[in-house]
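Within every chain, numbering begins at 1; the chains are lettered A, B, ... in the order of the sequence lines, protein sequences first and strands thereafter.
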Protein chains: 2
Amino acid sequence: MTHNDRLTKGAKKVLEILGRSEELTSAQDIHSRLRTDDERAPGLTTVYRSLESLVGQGLVQAVDLGDGERRYEVVKPGEHHHHLICDKCNSSVHLDQCLVHDLEDAIKSKYGFSTRAHILEIFGTCSDCQ
Amino acid sequence: MTHNDRLTKGAKKVLEILGRSEELTSAQDIHSRLRTDDERAPGLTTVYRSLESLVGQGLVQAVDLGDGERRYEVVKPGEHHHHLICDKCNSSVHLDQCLVHDLEDAIKSKYGFSTRAHILEIFGTCSDCQ
DNA sequence: GGTAGAATGAAAACCATTATCATATCCACC
DNA sequence: GGTGGATATGATAATGGTTTTCATTCTACC
């Protein structure tokens, strides 16, 4: 019925953890949370493989903050969004709109460049931490 | 007279290599190019340290393409810019204007978030490779 | 049931980057 | 000039997230 049929057991558990997470979550975080709930939960290798599959299916997006540790979060299938990441409290606010999307036409006409993907993350201080 | 007075020998050589580079260049690339010219050139450790210093001084910017290998390029002191990176030929075109800068005020008023830094890189197909 | 292909796990390999620590070099000051 | 303390450098080892490897376990289908 749904795309879930395509998910392995491991991937379903990974998706479930991600679905409950408020914040961006690393593979290792996912793994240790799974193992906290159930010591027979998927191993780290499976977590990585599941994430790769979920990202490939457009159900999860990987976020690279440039600190050597990739984070993940659930997205609406095929969509993506960017973040305002607070240096002080590490919270991340979703931008409700992709700032790059609107510029794609302008980039195409100015540079003849067809965009396929992009990275955009903004760091600073959130309203609570001002 | 100039900021160059603050640069160590190693950093000067690194900066020279970067200055001659058309493309984004990794630390390891810089190192092997240095060693090609002169087998007594700075070691990899010094290259990394020099890059850290140059980035700190605003003379070089680090670019993270999310592939686990940081690249570097010379910038006008204190400035930065973003790229259109072609998936096919790996060329990178500089955007002549920072797309995020213009949005900082809007982000501040909408989210109360003060921006400090950001990552933005755009991937796709360049005009030559269309 | 039996079997091929997929999924999984433990452990090892990878690899860019950092830390360590000993040596070489610089430079201010006498 | 010399000299001593700070700075720079280099070889090597360590780090740590991610990938590979390969053997084992599941699962779907005939």
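If you check every strand for non-hydrogen atoms under 4.0 Å, Ala41(A) touches sugar and phosphate atoms only. Note on Arg49(B): a base of the nucleic acid sits closer than 4.0 angstrom, heavy atoms only.
For the salt bridge (Lys or Arg N to Asp or Glu O under 4.0 Å) test with Glu16(B), the passing option among Lys13(B), Arg20(B), Lys12(B) is Arg20(B); the others fail. Of the candidates Ile122(A), Leu95(A), Val93(A), Leu24(A), Leu24(A) is the only one forming a side chain to side chain contact (heavy atoms under 4.5 Å, CB included) with His83(A).
For His118(A) and His82(A), the ring centers sit closer than 6.0 Å to each other.
Distances were taken from every side-chain heavy atom of Thr46(A) (C-beta onward) to each of dG10(D), dT8(C), dA10(C); the shortest belongs to dT8(C).
Look at CD on Glu52(A): it is 13 Å from C1' on dA7(C), rounded to the nearest Å. Remark: P of dC14(C) and OH of Tyr48(A) are 18 Å apart, rounded to the nearest angstrom. Atom CG in Leu51(B) sits roughly 14 Å away from atom C1' in dT18(C) (whole-Å rounding). Atom pair Glu69(B):CD and dT18(C):P shows a separation of 13 Å (rounding to whole Å applied). If you measure from atom CG of Leu7(B) to atom P of dT7(D), you get 16 Å, rounded to the nearest angstrom. Rounded to whole Å, the distance from NE2 on His31(A) to C1' on dA11(C) is 13 Å. Note: CG (Asp29(B)) to C1' (dC15(C)) measures 14 Å, nearest angstrom. The nearest whole Å value for the distance from the CG atom in Leu44(B) to the C1' atom in dA16(C) is 9 Å.
In this structure, a donor-acceptor pair under 3.5 Å is present between the side chains of Gln57(A) and Ser53(A).
Contact annotation: Arg70(A) side-chain N/O to dT19(D) OP1/OP2 distance is under 4.0 Å. Here Lys9(B) does not reach the OP1 or OP2 of dT7(D): none of its side-chain N or O atoms lies under 4.0 Å away.
Of the two residues near DNA chain D, Gln28(A) and Thr45(A), the one whose nearest nucleotide lies more 5' is Gln28(A).
Residue side chain Arg40(B) does not reach the base of dG10(D) through any donor-acceptor N/O pair under 3.5 Å, judged by distance alone.
Remark: Tyr72(A) OH to Tyr48(A) OH distance equals 7.0 Å, nearest 0.5 Å.
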